[in-house]
Amino acid sequence: MEKAYDPSKHEARIYKLWEESGAFKPAGDPKKPPFSIIMPPPNANGNLHMGHAMYALEDTMARYARMQGRPTLWLPGTDHAGIETQVVFEKELAKAGKSRFDFSPAEFYDATYKFVMENEHNMLAQMRSLGLSADWSRKKFTLDPDIIEIVYDTFKQLHDDGLVYRANRIVNWCPRCNAAFADLEIKYREQIDPLYYIKYGPFVLATVRPETKFGDTALAVHPKDERYTQYIGEAIEADDVLGKIKLKVIADEHVNPDFGTGVIKVTPAHDPNDWEIGQRHKLDVKQAVGTDGRLTEIAGKYAGMKVLDARQQVAQDLEEQGLIEHIDMNYTHSVGYHDRCGTQIEPLVTEQWWLDVQELKKPAIKAIKSGEITFVPSRFKKQALDWLEGLRDWNISRQIWWGIRIPVYYNAKNDSKKPYIIASHETEAEKYYGKGNYEVETDTFDTWFSSGQWPFATIQTTGDFDRFYPTTVMGTMRDILYQWVSRMIMLGLYRTGKIPFQTVYLWGAVNDAQGKKMSKSKGNVINPLEMTTRFGTDALRLALTIGVTPGTGGTISEKKIEGYRNFNNKLWNVARFILEKADDYSPINPDPQTPADHWILARVSRETVAISKAIEAYRFSEAGERVYSLLWNDFADWYLEASKSETNLPVLVNCLESILKLAHPFAPFVTEVIWQEMAWQKQNLIISPWPDNFKTSSAKAGEFTQIMALVSQIRSISVDIGLQKPALLADSNLVLANTGLIKHLARLSGIEKGEGSGLAIPGVSAVWLKVSPEQIQSYVSKLKRRRGEAGEYAARLKSQLDNKAYVKSAPAELVQQTKDRLVEAKELAGELDAQIKAVEA
RNA sequence: GGAUCUGUAGCUCAGUUGGUUAGAGCGCUUGAUUCACAUUCAAGAGGUCACAGGUUCGAGUCCUGUCAGAUCCACCA
């Protein structure tokens, strides 16, 4: 073994060893409960980022389950990611001076497919480099034909159940993408725009969008607004840029009498609220802006102008005609933008496919409410419920080219046959309508409609449904709780009658060292692959696990990753130290002899229990921290040092084996590399069973705890007084029975039997440091300080015990503990007093 | 407008149902070291747990309010 652990020399080899050994495939004890995770499919349109590195947590769960002997399935996949990928690919095209309009939709689809396949290949390699123990032989892609088949079935079934319908409604239209999007795909931004106060007959109307006035079909006031009651029901004629117009005044609760002038123009085709008013009052819908973001024919001379240009022109013309009362130039409001491409959203009325969710969401709400599905952290339960309860019908059609085409064929002849049919293959349409008598739907599904079916769709096509569904855990970013997790629950329950997963584990975005969001514009993005190259995959994984609580992504920095690189090196060197002695070792149960032997075996056993509990409760940070501290603070700093005075190889090796197992789910590579160095191991660490507890004597282990306390005291005093290798005088059986050990640990020149001279070690009876009276003098101030502390502590304990209510109400155990402590504190104070007195005499 | 989260050492964060003298890593100070590891070891400094009330024998932990920061949802003619 080399002096320092170099991950780059081992990781690829070890991953290959795992994969080729079949360790990622489900095996395990069929009598044990199966464990399954469906990997959230990364969008196959770029490189892995820090968010994907959080999959390490899922890997930790999978590795732990595997070592528990549970049949374990971690099913990976990749996502075509609809509009996101289309936008990414269009940017790629733009670099070559092209746009999607240089292609037919089919050509564009094929080109995108090729692009995605290249990226997928790349990403799969990157995910392997993260050490993810997923079963790649089962990998699914959201556009795999068998997946699409299931999505089609779901659509047809929903339609047959009357839950899918087609309707004209106002939607969020992106003029750049030329497609409608869901509310969740819109991000609102605050901005300042001019608010125009336009004269209209007897009224003044406030609007930021004068260009939509050609779509106005009414004026509205609040029913109780006394200023306007006389006009309600009247048709008012007024001058306008295209000549005289006439609009009816209606009364609607929606109008806020305090805003502007209390009168609004109603434009049902271009404003969601106006659409609602229009529905209530059966108003005409006049489209003034087209899907291309330009004004339509009804805008007369403004037809063909882009929205913003038309706004300026209309405002200018109104002004020239004296129809503008005034303009508020500081009006702040929020405007919707398409979150993927950043284009301002145009509310438009278009015909779309809708999913009626009112019935669909009920079982989902029930499953969450009843706790059949649990959330980690639990606060997301309420969020998921709130969202589902307020959920309205879902527009599942997108006018984009990259996606799963909606399997609908329309009657082109408008004859007595059905207006459309749903068919997974065009041949069915041809059979039904006859060649040339039908039109193919060109809309694609909202990506989330298909990915909402991901858990059951994947596992059905791999043949694992019966064994592994419902899956155990869904781990993903909390940002997609609504768009993905909720929909998986709805659609999973709809199609299978079962919940898709038992537990939802959510994490947040990974932030930089200052806790700031990572973004390209801030230049604080840390590339996970660069980090794994420089510090090793295990180091990155530990940095993303420890110090990170559920629901957050925590912070990451090079410094932090470097720290865990050091941990891996520590582990490596501990192993190197032990294995150098283990040439002829053959496996044997540990036979503890010394107090140290008992102590370390007890520590490892205790931590095995604590770490298991933490992992099972999804407290990965705590579990990782315990592994870290067990290896470094207990095993290396104390036991390895102790073993230098008395070596018990089976204890060393057994502890190392246990620690490697405990660390494996967190740091899979370095632990397996070390494991492979152990000539006697018959199977790889990845499939080795989780460690058992050792048998120890707690009395013996307690002796070592006393020795540790003594050693710490001696070290501390030595530093305070500036002693180099002092000698010790002892009249304690424990000390005299462990002279070699204590000498080594406390760096003493020797230990003699004897008593009563020199500096007594506070809190430890019958042990003295052989130092001169002058040296004790230099220590007296420290002794006094400690005396003071002991006194204060004793006083605090005493007042607690004097409190009758405490003694009465607190658990008896706790009260007893307080009493014991008081005795100890008093003893210590007494010792210190005696010592101070002796010195000052 | 509705909701959620956060505020603990110089920095980044733990602290599970209220119960030791509040912890870790990094940073800092002092010292050590050819014998597994300088990607090391030892010792140490550093916190009125944002603030104000309350409940309790006991509050970092529970409740109310205030201040500061972050996020989500709804919505703004």
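Owing to the predicted nature of the structure, the values given are computational and were not obtained by experimental measurement. Numbered from 1 within each chain, the chains take letters A, B, ... in sequence-line order.
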Suppose you measure atom [atom1] in [N] against the same atom in [M]; what distance do you get, rounded to whole Å?
| N | M | atom1 | value |
| --- | --- | --- | --- |
| B:G10 | B:G47 | C1' | 11 Å |
| B:A9 | B:C51 | P | 11 Å |
| B:G58 | B:A14 | C1' | 23 Å |
| B:A42 | B:U48 | C1' | 31 Å |
| B:U34 | B:C41 | C1' | 14 Å |
| B:G65 | B:U4 | P | 12 Å |
| B:C63 | B:A43 | P | 40 Å |
| B:A24 | B:U8 | C1' | 13 Å |

Using only side-chain N and O atoms of [X], determine if any of them is under 4.0 Å from OP1 or OP2 of [N].
| X | N | answer |
| --- | --- | --- |
| A:His333 | B:C75 | no |
| A:Lys644 | B:C35 | no |
| A:Lys3 | B:C37 | yes |
| A:Ser716 | B:A42 | no |
| A:Trp632 | B:C41 | yes |
| A:Lys570 | B:C41 | yes |
| A:Arg785 | B:A45 | yes |
| A:Asn566 | B:U40 | yes |

Paired with [N]: which nucleotide, if any, by Watson-Crick or G-U wobble criteria at under 3.5 Å for both distances?
| N | result |
| --- | --- |
| B:G58 | none |
| B:A74 | none |
| B:U66 | B:A50 |
| B:G44 | B:C28 |
| B:A14 | none |
| B:U20 | none |

Discussion item. Pair A:Tyr228, A:Phe203 - check ring pair (Phe, Tyr, Trp, His ring centres under 6.0 Å), show working.
Written reply: CA-CA 9 Å; A:Tyr228 304 117; A:Phe203 305 120; 5.6 Å; yes
Mind checking if [X] touches a base, just sugar-phosphate, or nothing, with heavy atoms under 4.0 Å?
| X | answer |
| --- | --- |
| A:Tyr482 | sugar-phosphate |
| A:Val807 | nothing |
| A:Gly563 | nothing |
| A:Thr549 | sugar-phosphate |
| A:Pro272 | nothing |
| A:Gln817 | nothing |
| A:Ala513 | sugar-phosphate |
| A:Asp637 | sugar-phosphate |
| A:Thr555 | sugar-phosphate |
| A:Tyr331 | sugar-phosphate |
| A:Arg565 | base |

Discussion item. So does A:Ala805 get a backbone contact from the side chain of A:Ser809, meaning a donor-acceptor N/O pair under 3.5 Å?
Written reply: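 At least one qualifying donor-acceptor pair exists.
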Worksheet item: Taking the six-membered ring for Trp, are A:Tyr482 and A:Trp387 parallel (under 30°), tilted (30 to 60°) or perpendicular (over 60°)?
Response: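 A:Tyr482 and A:Trp387: parallel rings.
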Fill in: Whether A:Tyr618 and A:Phe620 hold their rings parallel, tilted or perpendicular, with breakpoints at 30° and 60°
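Perpendicular: the ring planes of A:Tyr618 and A:Phe620 meet at over 60°.
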Whole angstrom is fine here: how far is it from [atom1] in [X] over to [atom2] in [N]?
| X | N | atom1 | atom2 | answer |
| --- | --- | --- | --- | --- |
| A:Glu190 | B:U71 | CD | P | 13 Å |
| A:Leu391 | B:C73 | CG | C1' | 13 Å |
| A:Arg786 | B:G44 | CZ | P | 9 Å |
| A:Arg209 | B:A77 | CZ | P | 10 Å |
| A:Glu625 | B:C26 | CD | C1' | 13 Å |

Discussion item. Ignoring hydrogens, what is the shortest heavy-atom contact between A:Val255 and A:Gly262? Give both atom names and the distance.
Written reply: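 Heavy-atom minimum between the residues: CG1-O, 3.5 Å.
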Discussion item. I want to know whether A:Tyr628 and A:Tyr564 have ring centres closer than 6.0 Å.
Written reply: yes
Worksheet item: Between A:Glu325 and A:Lys199, is there a salt bridge with N-O shorter than 4.0 Å?
Response: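 No, no charged N to carboxylate O under 4.0 Å.
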Kindly point out which of [options] is positioned nearest to the side chain of [X]?
| X | options | value |
| --- | --- | --- |
| A:Ser712 | B:U39, B:A77, B:A43 | B:A43 |
| A:Tyr188 | B:A43, B:A77, B:C75 | B:C75 |
| A:Tyr806 | B:A77, B:C57, B:C41 | B:C57 |

Practice prompt. Determine, for A:Phe577 and A:Lys644, whether the Lys NZ or Arg CZ falls below 6.0 Å from the six-membered ring centre while staying within 45 degrees of the axis.
Written response: yes
Worksheet item: Can you find a donor-acceptor pair, distance only, under 3.5 Å between A:Arg821 side chain and B:U20 base?
Response: yes
Discussion item. Could you check whether the side chain of A:Glu641 and the base of B:A36 have a donor-acceptor pair of N or O atoms closer than 3.5 Å, going by distance alone?
Written reply: yes
Practice prompt. With the side chain counted from C-beta on, respond yes when A:Leu542 and A:Phe567 share a heavy-atom pair under 4.5 Å apart, and no when they do not.
Written response: yes
Worksheet, complete the sentence: Taking for A:Lys187 and for A:Thr552 the nucleotide of RNA chain B with the nearest heavy atom, the one nearer the 5' end belongs to A:Thr552
